[in-house]
Amino acid sequence: WLVIAVGLIRAYLAKGSYHSLYYSIEKPLKFFQTGALLEILHCALGIVPSSVVLTAFQVMSRVFLTWAVTHSVKEVQTEDSVLLFVVAWTITEIIRYSFYTFSLLNHLPYLIKWARYTLFIVLYPMGVSGELLTIYAALPFVRQSGLYSISLPNKYNFSFDYYTFLILVMISYIPIFPQLYFHMLHQRRKVLSHTEEHKKSE
């Protein structure tokens, strides 16, 4: 994720514009975000004590955005909303993995802990906004091209409308996003208040 951050900064400095920076980090984004699927396996095996359901939703939604929307609908790759979620993901993951690394080393700076449980307040809505705006921008192109849609009649007697599916995906954010967001707020109160109490006791 640091590679992606550096790629974004270098591309911005070279172009002098933040538009269409997606192309400068497309390959590493696909590689690293797809690799995050292992996190679901780690949770399922108990290697990491995180919720399998929450982790699966977060990872799968990102993989879906990366491949099934941004990669598949070339027209949205120039949208500023793509940069919005890429920047949010990148900052979030750099902080998260720094948190894990320093925790394993038993030397976790308070600043990193604070950033891990505070910056999501802005980054999470920022990422979700970018994701939803990108899906919305893809809708007319999906409808026009019939991307991934299956029409009747066919020998399997089965139909699938990808345009409708994307709308349902957008609607699914309504009940799921608040749950994830308030879960993080609860975690923030628990972790940071515990840290403050520990400091006072010292």
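No hydrogens, no waters, no symmetry mates; every other heavy atom, side chains included, goes into these values. Nothing here was measured: the structure is a model prediction, and the numbers come from that model.
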N/O donor-acceptor pair under 3.5 Å between Thr55 side chain and Ile40 backbone:
no

Taking Thr118 for the side chain and Ala115 for the main chain, is one N or O donor matched with an acceptor at less than 3.5 Å?
no

How about [X] and [Y]: do any of their side-chain heavy atoms sit closer than 4.5 Å?
X: Phe120; Y: Thr92; value: no
X: Leu133; Y: Glu79; value: no
X: Pro125; Y: Phe177; value: yes
X: Leu83; Y: Tyr22; value: no
X: Leu29; Y: Trp1; value: yes
X: Leu54; Y: Leu180; value: yes
X: Leu147; Y: Phe141; value: no
X: Tyr163; Y: Ser149; value: no

With rounding to the nearest 0.5 angstrom, report the [atom1] to [atom2] distance, [X] to [Y].
X: Met126; Y: Ile91; atom1: CE; atom2: CD1; answer: 5.5 Å
X: Phe85; Y: Thr90; atom1: CZ; atom2: OG1; answer: 10.0 Å
X: Asp80; Y: His19; atom1: CG; atom2: NE2; answer: 5.0 Å
X: Arg116; Y: Ser98; atom1: CZ; atom2: OG; answer: 11.0 Å
X: Leu111; Y: Ile95; atom1: CG; atom2: CD1; answer: 9.0 Å
X: Thr101; Y: Leu108; atom1: OG1; atom2: CG; answer: 10.5 Å

Assess whether atom [atom1] of [X] is packed by more than 12 heavy atoms of other residues, nucleotides or ligands within 6.0 Å.
X: Tyr148; atom1: OH; value: yes
X: Arg188; atom1: CZ; value: yes
X: Tyr23; atom1: OH; value: yes
X: Lys15; atom1: NZ; value: yes
X: Phe57; atom1: CZ; value: yes
X: Phe99; atom1: CZ; value: yes

Just say parallel, tilted or perpendicular for the rings of Tyr162 and Phe160, cut-offs at 30° and 60°.
tilted

Using atom types as modelled, flag every donor-acceptor pair under 3.5 Å from a side chain in residues 63-70 to any protein atom, sequence neighbours excluded.
{"residue": "Thr66", "atom": "OG1", "partner": "Arg62", "partner atom": "O", "Å": "2.8"}
{"residue": "Trp67", "atom": "NE1", "partner": "Thr34", "partner atom": "OG1", "Å": "2.7"}
{"residue": "Thr70", "atom": "OG1", "partner": "Leu65", "partner atom": "O", "Å": "2.8"}

Residues 2-10 side chain polar contacts: donor-acceptor under 3.5 Å, at least two apart:
none

Minimum heavy-atom distance Leu166-Val142, with the two atoms named:
CD1-CG2, 3.8 Å

List for me each residue that meets side-chain contact (heavy atoms from CB on, under 4.5 Å) alongside Leu152, sequence neighbours excluded, and say none if there are none.
Asn154, Asn157, Ser159

side-chain contact (heavy atoms from CB on, under 4.5 Å) involving Leu104 - partner list, sequence neighbours excluded:
none

Can you list the residues that meet the salt bridge (Lys or Arg N to Asp or Glu O under 4.0 Å) rule with Arg96, with sequence neighbours excluded?
Glu39, Glu93

Can you pull the side chain to side chain donor-acceptor pair (under 3.5 Å) pairs that have at least one residue in residues 169-181, sequence neighbours excluded?
Glu131-Tyr173

